[in-house]
Number of protein chains: 2
Amino acid sequence: MQDDLEVVREAADRDGLLDRIRRLVLGGDFPPGAVVPEAFLAQEFDVSRTPIREALKQLQHEGLVEIRPKVGTFVREPTRREIIELFQLKESLEGLAASLLARRGEVKELSVLRRNLEESEMAALTHDTDAYARLVHEFHWTIVRGSDNHKLVEHYERLMNQLAYQRLVLRTVEHPGRLEASTREHRAVLDMIEHKDPFGAESAMRNHVHASSREALTDPAQDRRS
Amino acid sequence: MQDDLEVVREAADRDGLLDRIRRLVLGGDFPPGAVVPEAFLAQEFDVSRTPIREALKQLQHEGLVEIRPKVGTFVREPTRREIIELFQLKESLEGLAASLLARRGEVKELSVLRRNLEESEMAALTHDTDAYARLVHEFHWTIVRGSDNHKLVEHYERLMNQLAYQRLVLRTVEHPGRLEASTREHRAVLDMIEHKDPFGAESAMRNHVHASSREALTDPAQDRRS
DNA sequence: GACGCTTCTGATGCATGCAACATAGGCTTT
DNA sequence: AAAGCCTATGTTGCATGCATCAGAAGCGTC
C-alpha cells in the first residue's frame, strides 16, 4: 500500500511535469526575463534535462515561453495587443460553446449552472471576490465543456493557458459594479440556454465576454507593455 | 556561397523536421496503424532519436498522433465526430476573421481577394478543380491572416493541420454545383468585407463554411469511421 | 576614449547507452 | 484443447557526455 502510493505519486509527477513547470511559469515566481536554465529545473524536479526539454518545447508551442536557440528559455509575457487578440478568440469560442450547449439542451449542466449562478449571487452580495472569481471560472468552463465539442475544449484550454498569467487573473472582479453586471450577464446567458436558443445564447455570451474583457484590459497594471 | 547554401539547407532541415514528419503523417504514406518507430524516422532523416521524439511529442499535442507510453506512436485519424467538431471551430474562427477584416477595411488584402475571386470564377468555368482548390485555400487563408490577429492565425493553423489529412482534402470541390455555389458565397463574403460590415461578413463566412463542411461530411469516403 | 576583435564562458542541441515495460508467442499445466 | 504463466523482443523513457554556438568580457588598436 505504501508502495502503491509511492508509485502513484511518482507517476503523477512524471505525467504532471509539464503542468508543474507551467505553474512555475504562470505563477510569476520567475522574472519576465530568462527562466532559470534547464539544468535548474532538472535538479529542482530531480529528473534529467531531457524530459525538461520536452516540457519546455511544449510550453513554447503553447506560447508561454520563448526558446531562443542556443541561448535559453524566456518567460513570454503577452503584450497588451496579444491579450486583446486572445480575448477576441475567447469571445468567439465561448460564444460557440454557449450556442452548442443551448442546442443540446442538456439537463445535467443546466442544474450545475443554475446552482453556480445562485452561489455567484450570494458571493456578489457578500463581496466575496475570491469565491466569486472561482465561480465565474467554473461557470465558463462548465459551458465550454457542456458544448460537448472536445476539440473546442482543447483549443479553449490552450487559449486560457495563455491568459492564465497571474497578473491577469481576477481582474474582472476588482471593478466596482462589475460583479452585479457580470451576474446579470451570466443570468442572461443561462436564460438563453434554458430557452434552447443557440443564437441568443451565443450573442449573450459574446456580450458578456466582451464586457468583462473590457474591464480586464483597462486595468492599470497592464499599461506596462503596450 | 556554396557553403552558405549548405548551411541554410541544413538549418531548414532542422527547423522543418516537425513539418516534414507532419507531412509524412498527413500524407497518408503510413497506415492508420502504428507509425514506424522513432528509430526509423531517425534513420530516415539522419538525425538522432532525440529530435524525432521532440517532434512526435508536438504532433501528439497537435492531435495528429497518439503516443501510447512504452508502446509506440500511432497515426491518429480523426473520427467523423471530431471532423464535425473541427468544422464547427473552423466556422467560428473564420467568422471571427472575416469580421475583424471587415472592421479593419484594409485595402491590401481586398485587392488580393478580388483578384483571387476572379481567378476562382475562371477556374470554376473551366472546371479546373485543382486550381480552384488552391484558390479557395488561399482565399480563406488571406482572410484569416487579414484579420491581423496573430493568435487567431495560430489557432487556425493548428485547426487546419488537424483537418489536413490527405483523405479530407479537396472534397468540397468534387460535388456538382458546389463550385458555383462556393464562388457565390465567396463573393458574398467579399462584398460584406468591402462594405465594412463586420456582422454581415461574419455571417456570410459562417454560412459559407457551414455549407462547404456539409459537402465534405457527406462524402462517402468518410463513412468508414462514424 | 571608442571601436573592433578575440577569447571565454555558459547554455543549449544532439547522440548514444541502458533500463523499464507492454505486448506477443510459446510453454506448461490441467 | 483451453487457460494461465513465462519468457523473449521490440520499443520507448531517461540519463549522460560532448560538440556547438550566442553573448559577454577583456584586450588591443586607432
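In what follows, chains are A, B, ... by sequence order, proteins preceding strands, each numbered from 1.
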Do B/Arg145 and B/Glu109 meet the salt-bridge criterion of a basic N to acidic O distance under 4.0 Å?
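Salt bridge between B/Glu109 and B/Arg145, a charged N being under 4.0 Å from a carboxylate O: no.
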
Under 4.0 Å between a side-chain nitrogen and a carboxylate oxygen: does that hold for B/Arg206 and A/Glu202?
yes

Anything under 30° is parallel, anything over 60° is perpendicular, the rest tilted; go ahead and classify A/Tyr156 against A/Trp141.
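Judged by the thresholds at 30° and 60°, the geometry between A/Tyr156 and A/Trp141 is perpendicular.
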
Which whole-number value in Å describes the distance from [X] [atom1] to [N] [atom2]?
| X | N | atom1 | atom2 | answer |
| --- | --- | --- | --- | --- |
| A/Glu66 | C/dA11 | CD | P | 18 Å |
| A/Asp46 | D/dG13 | CG | P | 19 Å |
| B/Phe45 | C/dA15 | CZ | C1' | 18 Å |
| B/Phe40 | D/dG10 | CZ | C1' | 16 Å |

Name each donor-acceptor pair under 3.5 Å that joins a side chain in residues 28-36 of chain B to protein atoms two or more places apart or in another chain, with its distance.
none

Quick one: list whatever passes side-chain hydrogen bond (donor to acceptor under 3.5 Å, both in side chains) with B/His155, sequence neighbours left out.
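Checked B/His155 against side-chain hydrogen bond (donor to acceptor under 3.5 Å, both in side chains); matches are A/His155.
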
Can you list, in residue-number order, the parts of residues 52-65 of chain A that come under 4.0 Å of DNA chain D, counting heavy atoms only?
none

Between the protein and nucleotides 16-26 of chain D, which nitrogen or oxygen pairs are less than 3.5 angstrom apart?
residue, atom, partner, partner atom, Å
D/dT16, O4, A/Thr50, OG1, 3.4
D/dT20, O2, A/Lys70, NZ, 2.8

Kindly write out the residues that satisfy salt bridge (charged side-chain N to carboxylate O under 4.0 Å, His left out) with B/Glu38, not counting sequence neighbours, or none if the list is empty.
B/Arg49, B/Arg53

May I have the step-by-step check of side chain to side chain contact (heavy atoms under 4.5 Å, CB included) for B/Glu91 and B/Leu86, ending in yes or no?
CA-CA 9 Å; B/Glu91 188 177 323; B/Leu86 290 168; over 6 Å; no

Without placing hydrogens or testing angles, list every side-chain donor-acceptor pair under 3.5 Å for residues 95-104 of chain A, not counting sequence neighbours.
residue, atom, partner, partner atom, Å
A/Arg104, NH1, A/Gly146, O, 2.4
A/Arg104, NH2, A/Glu106, OE1, 3.2

